[in-house]
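Heads up, the thing below is written out as structure tokens.
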Amino acid sequence: MTGYPKASLSRPASRPVRRRRHAPPKLLLAIFAIASSVYPFTDNSHLASAQNLAGKFASRPKIVENSSSKKKWNPKNTDQDGEYTTQWGSLMNLLEGWGSFLFYENGMSWLGSFSWSVVPESSGGNGGSSAKRKKRGRKDSVQVVVDSAWKRDLFAAEFHMIVLSIFSSVVIAMLSWIWYMGMNHKPQSARNIQQGEEGAEDIICENLEQTHSGFFESVAVGFEDITMTLKQKKKKGDGNGTSERLILDGSIRGVARPGRMLAIMGPSGSGKSTLLHAISGQLKQDKKINLFGKRYVNGVPLTGDSKIPSAFIEQEVNFFPHMTVKETLDFRVELKMGSCLKTKKERDNLVNNLMNQLGLTKSANTIVGNAKVRGLSGGERKRLSIACEMISSPPVIFLDEPTSGLDSYQATQVIETLRKLADQGKTVVAVIHQPSQHTFQLFDDLLLISEGKLMYYGERSKVREYMEELGYGCEAEVGTAEHILDCVSRVVGADAEAERESVNRIETIARAADQHARQWVSFDSDDTNTEKTERKMKHIVDLTTTHPGTNVFRQFKLLFRRSIQETLRGKAAIIIKMVQQVSLGLIYGGIYSLGDNQASIMDRFGLLSLIVIGATNMAMAGTIRSFPKEKSIVSVELASSLYRTFPYFISKALSELPLIGLFNAIFSSLIYPLARLQKGRFKTFLGLTSLHSIASEAVGLLIGSISPSSDVALALFPPIIVLNIIFDGKNISEENTPALLRWVNQVGLIRWGFTGLAVNEFKGLAFNTSGPRRGPVVKTGEEALARFGLDGKSIDDVIGAQTKIIAGCWFLSFLGLAWTRQKYEVMQNPPK
């Protein structure tokens, strides 16, 4: 094509890049350990660890089966008889248990739940008496007696759990190994990015230098034969099946040149935004869409999945509302350029230059705001969105209706800012809807479309003359922008003659525009080095657009600080939640005053159930309402490779913990003395309610991460709550639970929360039997727990189950965020 700048892709001189060998994926091994511990949940009590026993006797035990009477060892008190019951909680415990078989110094518990008889050796064997062994410097050993009947029951009862856990863990291990092998067999250009954070940062800095010199110093973006169809169901009466609706007809072609501004205009629904998204590679993936066409960068054709080194600014850009303009830019500069701009002074200079260039200096300390929080004006928000994308100084800027929703003055300010950027050599492409005459005159070139067809492509100053040559002139007092839109708009709702005339006019203009564009724009693909140049260009662009500009630890630090700031600055939300906790505490405390009579037993169970249900509702509902809104911001940042999913998710989860502890402390401090709950158990009560709130928020986070919108998340909320209430441990017995739903008992939020509070409250209580009775007399709290099937439960069981629920939900939420990242359509070559 004529007019393209010719430049070499040779690498400029730069410092040598450090390479590091790829280390085994330790993170995946940690995930493997967490995942294998999620299933199954067991109710066995964990009374002691293997390390306690090894420390007590400091030697490997001997295995003795079917022994006669022995003195049993109790890990809590070695002077009393007792049983040592172990718990199988994960496949990792299973593997370590098999490895050491019973109790080595670093061993973990073995399979199942069965009794051990542990006998310190006092004499016999090679050791002699204890005194003699000590004199010779030897230590006591242990005999562990395993009852054969217990072993048979163990393997019969838990064989299916072993099989399922081994299967799931093997699957995870295989996927991890496939990923690891894939990393080591990728092409060298792809592996360089993932060979350690230091090397990757150096590569990014090196290639950013290349984007600002040589081939990418000035970028012309060409496009032709852009075609898009949308599959849709046929209307009733037209038969069954699907039909294809033509969105872009393939006639559209043009070039956006450096130092110039290209305006894409057309009537509403003509395909302006669709065309912009297709050219920039930002068209969201949809199975119903078929996209074809060709794109060029400085005359070099791009493959469908290649990226243009550009910034893309959506029509509506969302920010975290409580961050100031300077904080927003600081955050993005450090993430994008932290590896290249080593000192804070360098980063501050870049931020100050951006604010000066885009007229944001006066608003530097103003919060961004949103629809509910007062902050920047509409024009300032548009300029801030441009500043955020200009951090890495991309050579091309795409904007989707940057003036929509702004008054004429603010719209003019935004376009004048873009004019300054174009004068600096940037390539600016913007969709403009009904611009004023002054705004329209700031553009250099115009691409006019209607109903997916090309109506005009050329210089903006010549479009009026072009329409007059076609026989569609306009009066002197009518603005050019208004006139050309009238010429390419279909008349709807008028008489049939006027509508037919408008259709003929559009067809005439479209035929003339196609001939004019083919004469004025041509693309040459005869360069013998085109393929090599394309590969090298794709490599540079991918390195600078698919990897964060700083390491994962720095990402976590910045994201955690942002999450804490947003949480603490949302004063209205904090006050509302505090009022909720105080109100509930006073309401419950004012109604319930617990004593020691028989009626207080049911009152206690009722109060504890209400506490758990209320905490579950508030924690889940709050997260479900807020997280999808945050996800809409985060998904854009993740798609632009500003940071990775893992550091974001960890920072998000951890930043919620301080306020959870605060809110539960307020509620517990009120309800505990007012309702006269059992003395001496307040700390455990506070810990259990806090842990339950964390688990509830984890479930809310999971729902929000897999839901495409707040409406979907809120729709899922009621059935999940109802299901948890049904299987809370007292509404239906485990024996009568349908087989397909028995797993709900093991992961029930309300069930484990209620169990923990009930065990904490009732154990150690004694009830008066002289007052009014409610059924059979209950003398102790243990008897009351047995009535609800909670005998044998312990606080350790509840903590273990809640921890597994939290770990499982966090892990699945992380996967949900990673797998639902925004994907874009790949432009295919037009069919021949």
Side-chain angles (χ1 to χ4, degrees), residues 43 45-49 52 74-77 79-80 82 85 581-582 584-616 657 660-695 728-730 750-771 774 777-803:
D43 296 330
S45 301
H46 187 74
L47 301 181
S49 67
N52 295 69
N74 186 337
K76 290 187 176 180
N77 187 349
D79 296 329
Q80 299 178 4
T85 306
Q581 300 293 338
V582 172
L584 283 177
L586 294 176
I587 290 172
Y588 290 157
I591 295 174
Y592 289 92
S593 182
L594 305 174
D596 61 353
N597 56 23
Q598 295 293 300
S600 69
I601 296 173
M602 292 303 301
D603 293 346
R604 275 183 165 82
F605 279 121
L607 175 60
L608 298 178
S609 179
L610 289 174
I611 291 173
V612 172
I613 293 173
T616 305
L657 301 184
I660 290 176
L662 173 64
F663 295 145
N664 280 282
I666 293 173
F667 174 77
S668 300
S669 299
L670 290 172
I671 186 64
Y672 212 86
L674 291 176
R676 298 171 60 190
L677 294 168
Q678 184 179 179
K679 294 181 180 179
R681 302 290 182 91
F682 174 76
K683 291 182 180 179
T684 307
F685 179 88
L686 175 58
L688 289 172
T689 53
S690 299
L691 185 64
H692 177 71
S693 296
I694 295 171
D728 66 349
K730 61 182 187 299
I750 296 176
R751 180 229 174 164
W752 286 112
F754 173 73
T755 300
L757 294 185
V759 170
N760 179 65
E761 175 64 19
F762 278 90
K763 279 194 173 179
L765 279 181
F767 295 102
N768 188 352
T769 59
S770 60
R774 297 285 182 88
V777 174
V778 175
K779 296 181 180 180
T780 64
E782 286 75 6
E783 292 180 10
L785 291 174
R787 294 286 176 87
F788 276 87
L790 300 179
D791 52 326
K793 304 295 183 184
S794 68
I795 301 298
D796 289 340
D797 294 336
V798 175
I799 294 174
Q802 295 275 43
T803 303

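Computed over heavy atoms, backbone and side chain alike; hydrogens, waters and symmetry mates excluded.
Looking at residues two or more places apart in sequence or on another chain, you find a side chain to side chain donor-acceptor pair (under 3.5 Å) between Thr616 and His692.
Residues Leu610 and Tyr588 come closest through the heavy atom pair O-OH, 3.5 Å. Minimum heavy-atom separation, Gln598 to Val777: OE1-CA, 3.6 Å. For the residue pair Arg787 and Val778, the shortest heavy atom distance occurs at NH1-CG2, 3.6 Å. Annotation for Gly595 and Ser600: closest pair O-OG, 3.2 Å, computed over non-hydrogen atoms. Closest of all the heavy-atom pairs between Ala784 and Ile601 is CB-CG2, 4.0 Å. Closest approach of Leu691 to Ile799, counting heavy atoms only: CD2-CA, 4.0 Å.
Side-chain contact check for Ile795 versus Lys763: every heavy-atom pair is 4.5 Å or farther apart. Within the 4.5 Å cutoff, the side chain of Lys793 has no heavy atoms near those of the Val798 side chain. By the 4.5 Å heavy-atom criterion applied to side chains, Ser669 and Phe682 are counted as neighbours. You'll find the side chain of Asp728 stays beyond 4.5 Å of the side chain of Phe754, heavy atoms only. Between Tyr672 and Arg681 there is a side-chain heavy-atom pair separated by less than 4.5 Å. Residues Leu790 and Phe762 have side chains not in contact (no heavy-atom distance under 4.5 Å, counting atoms from C-beta outward). Looking only at side-chain heavy atoms (C-beta outward), Leu765 and Asp596 stay at 4.5 Å or farther from each other. When side chains are defined from C-beta on, Ile611 counts as touching Phe667, because their heavy atoms get closer than 4.5 Å.
Between the CD1 atom of Ile671 and the CD1 atom of Ile666 there is a distance of 14.5 Å, given to the nearest 0.5 Å. Considering CH2 of Trp752 and CG of Asp797, their distance stands at 6.0 Å, rounded to 0.5 Å. Distance check: Ile660 CD1 to Ile694 CD1 gives 5.0 Å after rounding to the nearest 0.5 Å. The distance from atom CZ of Phe685 to atom CG of Asn664, rounded to the nearest 0.5 Å, is 8.5 Å. With rounding to the nearest 0.5 angstrom, the CG atom of Leu608 is 11.0 Å from the OG1 atom of Thr689. From Lys683, atom NZ reaches atom CG of Asn760 across 13.0 Å, with rounding to the nearest 0.5 Å.
Remark: the backbone N or O of Leu686 is paired with a side-chain donor or acceptor of Ser690 at under 3.5 angstrom.
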